[in-house]
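A quick write-up on the structure given underneath.
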Amino acid sequence: MILERFNDAAKRGVYSLQEFFVLAWKAIGFIFVKPFYASDLFQQMDAIGVGSLGIVLLTGFFTGMVLALQSAVQLATFGATDYIGRLIAGSMVRELGPVLAGLMVAGRVGSGIAAQLGSMRVTEQIDALNTLGTDPIKKLVTPRVLASLIMVPVLTVINDFVGILGGNVIAKFYLGKPSALYWKTVFEQLLSSGFTLHFIPNDFIQGLSKPFVFGGIISLVGCYYGLKTSGGTEGVGIATTRTVVTASILILVVDYFLTQILLAVFQP
Amino acid sequence: MTDEEDRRRQQGERRHPSEKDETSMPRRARDSSRVRAAIRDELEELAEEAPGSKTEARPIQKVIAVENVYLAFEEPILENVSFTARAGETIVVVGESGTGKSTILKLLLRLLIPDQGRVVIDGEDITHLTFDDALKVRQKMGMVFQGAALFDSMTVYENVAYPLREHTTLPEDEIEQRVREKLSFVDLEPDRVMEQLPSELSGGMKKRVGIARGLANNPEIMLYDEPTSGLDPLTTATITYLILKLQRELGVTSVVVSHDIRSAFRMASKIALLANRRIGFFGSPEEMTASDDPYIREFLGGF
């Protein structure tokens, strides 16, 4: 009896996973197939990218400041507060920038995607698209995925920058370090971990490949749960919650494995 | 709550709106009676000319054939369901709620695939088509959804223009012309509604825009899911009239799913009664009223 139930749950799990990857495969494949829904893409880029700018600026700035405050205490014990720029730049660009931007966008955009596609599902608009001869994946999922793949890295760069700027504020006004010194150590850090193709700093490769993956995760999870919605408005709520939880966990877990791989490949 | 209380509450509710509307009553009553009379005349005219013209004017050709379809999800939904529609006919599928009526429409659209049996549209077996070919077959059909299913991020104009933009390369002015034509056909004033969003429309208007969108591509087949549910009697009559107008003026073949037996009798060439997962009856409305099958008699009730 218990074994049977476990068996059923396992089967369902594998089936969902398969569905998810089929959706991902189709959504990404359709990027290269006509017709292109360019206006949908720009609309989504605006909603996902420009729309998330405010929260990304806020979280980035405050994280940078708090990071500077905490590390100032630690570095002071070694008398190394001059190197605070290195520490902030390293952790923002490699780790905190991508993950924080990813989590914020998952909360804001992932839930929005799931709610919108979910309500379209329960009001039969998805069926209507199918009936009118449009593949809903092509019309709805592909623009959202592509927009996220483009915009989450852009948001991350902005997040990194305001984070480092936040560190600058603390370094100058709390520790009394001149800005010139701060930014000098920031660039030292960014150029210290080696280059790919002789001119791209490895930190940038790490810092930009992560948000690219996170963007894909957020949009695909949102679309997957949105399209799978059933059971009226209650179903829409469930889809939204699941999206935020699943996307956030996936971001943190995938981040670990991605870091392992990237460090192995790009660390000299 | 006891039955007695419940009944009194319902009566109270029913009385309420008429009291409130007393000032506007005369004009509205006059308007609605005029519309009702016009519809009645149209329907009677239609009933008179229908039988002869239909069989003579058009070649008898099966446009839709559902053959021995069996479908089950967790338990059987449809068993051994068969019916056909010839060109220009209107088939109304009636039955109690939850008997899988809407499922039949999804089978015709190939949103669902039958476990056994086959669905034939225009002589082509659509059961085993690829996804892309199924999209092409769907272009022959216009579907009107129960809740209209208008895209709520688009204006009425964009909604009706949607199928044209998707499947044709018409220039913008021709698209606009077509949208205006379809909106006028469903008795909406294009200039008034075109820029409105679906959320700003009433239930009846949404249905009509839904019909206009279904018509935009000039389909051979129209499918309606509960076209009159949730509408007041007058709007129900107008929608019924619209479906008849489509049949008569454009000669489209229609399948209507409905539990509104009254409007079903008005528009049906044939009625299919779905009961216990099977087609319990398939024939003309006259044959249905003449039947002495106990279930049919019970289903028809006082009609």
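In the text below, chain A, chain B and the rest are named by the order of the sequence lines, each starting its count at 1.
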Next on the checklist: For the CG atom of B/Leu135 and the OG1 atom of A/Thr131, what is their distance to the nearest 0.5 Å?
Outcome noted: 10.0 Å
Next on the checklist: Return the CE to CD distance between B/Met143 and A/Glu124, rounded to the nearest 0.5 Å.
Outcome noted: 6.5 Å
Checklist entry - For B/Lys106, does the NZ atom sit with more than 12 other heavy atoms under 6.0 Å from it, leaving out its own atoms? => result no
Checklist entry - Counting heavy atoms not belonging to A/Phe204, are there more than 12 under 6.0 Å from its CZ? => result no
Checklist entry - Hey, is CZ on A/Arg108 packed in by over 12 heavy atoms from elsewhere, all under 6.0 Å? => result yes
Checklist entry - Which residue pairs satisfy the ring pair (Phe, Tyr, Trp, His ring centres under 6.0 Å) criterion with at least one member in residues 137-160 of chain B, sequence neighbours excluded? => result B/Phe151-B/Tyr162
Checklist outcome for this item: B/Arg180 meets the side-chain contact (heavy atoms from CB on, under 4.5 Å) criterion, sequence neighbours left out, with B/Glu176, B/Pro190, B/Asp191, B/Met194
Item to check | OG1 on A/Thr134 to CZ on B/Arg165, rounded to 0.5 Å | outcome: 12.5 Å
Checklist entry - At a heavy-atom separation under 4.5 Å, does B/Leu223 approach chain A through its side chain, its backbone, both, or neither? => result neither
Next on the checklist: Counting only heavy atoms not in A/Phe212 (residues, nucleotides, ligands), do more than 12 fall under 6.0 Å from its CZ?
Outcome noted: no
Item to check | Heavy-atom neighbours of A/Glu4 CD exceed 12 at 6.0 Å | outcome: no
Next on the checklist: Between A/Ile126 and chain B, with a heavy-atom cut-off of 4.5 Å, which part of the residue counts as in contact: side chain, backbone, both or neither?
Outcome noted: neither
Next on the checklist: With chain A as the partner, which of B/Leu109, B/Val137, B/Asp152, B/Asn217 has the greatest number of non-hydrogen pairs under 4.5 Å?
Outcome noted: B/Asp152
Checklist entry - If you count heavy-atom pairs under 4.5 Å with chain A, which of B/Arg213, B/Gln139, B/Lys136 comes out on top? => result B/Arg213
Checklist outcome for this item: Minimal heavy-atom distance between A/Ala128 and B/Ala149, with the atoms involved, is CB-O, 3.9 Å
Checklist entry - With a 4.5 Å limit on heavy-atom distance, are the side chains of A/Leu132 and B/Arg138 in contact? => result no
Checklist entry - Among residues 139-159 of chain A, which residues come closer than 4.5 Å to chain B, judged by heavy atom distances? => result A/Lys139
Next on the checklist: For A/Glu234, is the CD atom crowded, meaning more than 12 foreign heavy atoms sit under 6.0 Å from it?
Outcome noted: no
Item to check | ring pair (Phe, Tyr, Trp, His ring centres under 6.0 Å) against A/Tyr225, all qualifying residues, sequence neighbours excluded | outcome: none
